[in-house]
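This report concerns only the one structure given below.
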Amino acid sequence: QVQLAESGGGSVQAGGSLRLSCVVSGLANTRRCMGWFRQAPGKEREGVALMDGDGSSSTTYPDSVKGRFSISKDNAKDTLYLEMNSLKPEDTAMYYCAAEFRWRCLNWFRDPGASGYWGQGTQVTVSS
């Protein structure tokens, strides 16, 4: 059974930090794109961090979070992390981790649609 289970969300004040975790089970750990996405009420889903599955573990961030967010992975635990620093009220959203098997991770990250495997999400609220 495939499962992606996020945790670590919560409420923080602007300027604070949070670390999200996503435990992955039931999925092969090869050629797997891994990403964090977020969706705020009334807004479209946005990719905030991508780790490529080509073995390089290269990462991609949109300008909105670059320099503040960092994606990492513990292969032994098959756990994905999102370190979020200098949080802003506009970072408030439900955060999801997701995985997909494809050669071009960046295309999926930019427009995932319904493809891939998704967690249930964890809420992040940043107050000013």
> Roughly how far, to the nearest 0.5 Å, is the CE atom of M84 from the CH2 atom of W36?
Replying inline: 8.0 Å
> Do V12 and T125 have side-chain heavy atoms sitting under 4.5 Å apart?
Replying inline: no
> If we only count heavy atoms from C-beta on, is the W118 to C97 side-chain gap below 4.5 Å?
Replying inline: no
> Could you state the interatomic distance from OH (Y95) to OG1 (T122), rounded to the nearest 0.5 Å?
Replying inline: 10.5 Å
> In Å, rounded to the nearest 0.5 Å, how long is the span from CG of D111 to CD of E44?
Replying inline: 9.5 Å
> Who are the side chain to side chain contact (heavy atoms under 4.5 Å, CB included) partners of S72, not counting sequence neighbours?
Replying inline: Y81
> In terms of hydrophobic clusters joined by side-chain contacts under 4.5 Å, are V48 and Y117 together?
Replying inline: yes
> Given the rule that I, L, V, M, F, W and Y join up when any side-chain heavy atoms are under 4.5 Å apart, are Y61 and V124 in one cluster?
Replying inline: yes
>> Would R68 and D91 count as a side-chain contact (heavy atoms from CB on, under 4.5 Å) here? Give the steps.
In response: CA-CA 11 Å; R68 300 188 299 120; D91 294 319; 2.7 Å; yes
> Roughly how far apart are E90 CD and R38 CZ, rounded to 0.5 Å?
Replying inline: 8.0 Å
> Which heavy-atom pair separates P89 from S128 by the least distance, and what is that distance?
Replying inline: CG-CB, 3.9 Å
>> R104: which residues meet the salt bridge (charged side-chain N to carboxylate O under 4.0 Å, His left out) condition with it, sequence neighbours left out?
In response: none
> Taking everything shown except F101 itself, do over 12 heavy atoms lie less than 6.0 Å from its CZ?
Replying inline: yes
>> List the residues meeting side chain to side chain contact (heavy atoms under 4.5 Å, CB included) with V24, not counting sequence neighbours, and say none if there are none.
In response: L4, C22, L27, R32, M34, D78
> Distance from L20 atom CG to E83 atom CD, nearest 0.5 Å?
Replying inline: 9.0 Å
> Judged by atom type as modelled, is there a donor-acceptor pair below 3.5 Å linking the side chain of R45 to the main-chain atoms of G113?
Replying inline: yes
> Partners of F69 by ring pair (Phe, Tyr, Trp, His ring centres under 6.0 Å), sequence neighbours excluded?
Replying inline: none
> So which pairs with a foot in residues 3-23 pass side chain to side chain donor-acceptor pair (under 3.5 Å), sequence neighbours left out?
Replying inline: S17-N85
> T92 side chain to V126 main-chain N or O, any donor-acceptor pair under 3.5 Å?
Replying inline: yes
>> I'd like to check the side chain to side chain contact (heavy atoms under 4.5 Å, CB included) partners of S58; sequence neighbours left out, ordered by chain and number.
In response: D52, S56
> Sequence neighbours excluded, which residues qualify as ring pair (Phe, Tyr, Trp, His ring centres under 6.0 Å) partners of F109?
Replying inline: F37
>> Any donor-acceptor pair under 3.5 Å linking the side-chain atoms of E46 with those of S64?
In response: yes
>> Suppose the criterion is disulfide (SG to SG under 2.5 Å): which pairs have a residue in residues 31-83, not counting sequence neighbours?
In response: C33-C105
> What's the verdict on salt bridge (Lys or Arg N to Asp or Glu O under 4.0 Å) for D63 and K66, showing C-alpha distance, side-chain angles and the deciding distance?
Replying inline: CA-CA 5 Å; D63 289 342; K66 195 174 293 183; 3.4 Å; yes
> Roughly how far, to the nearest 0.5 Å, is the CG atom of L50 from the OG1 atom of T60?
Replying inline: 5.0 Å
> Got a sec, which pairs hit disulfide (SG to SG under 2.5 Å) with one end in residues 43-83, sequence neighbours left out?
Replying inline: none
>> Under the salt bridge (charged side-chain N to carboxylate O under 4.0 Å, His left out) definition, can you give me all pairs with a residue in residues 115-128, not counting sequence neighbours?
In response: none
> Linking I/L/V/M/F/W/Y whenever their side-chain heavy atoms sit closer than 4.5 Å, directly or via other members, would Y96 and L80 fall into one cluster?
Replying inline: no
> Mind checking what makes side chain to side chain contact (heavy atoms under 4.5 Å, CB included) contact with S115, not counting sequence neighbours?
Replying inline: E100, R102, W108
>> Listing request: all ring pair (Phe, Tyr, Trp, His ring centres under 6.0 Å) pairs with a residue in residues 5-32, at least two apart in sequence or in separate chains.
In response: none
>> Counting neighbours of CD on Q39 that are heavy atoms of other residues, nucleotides or ligands and sit closer than 6.0 Å, is the number greater than 12?
In response: yes
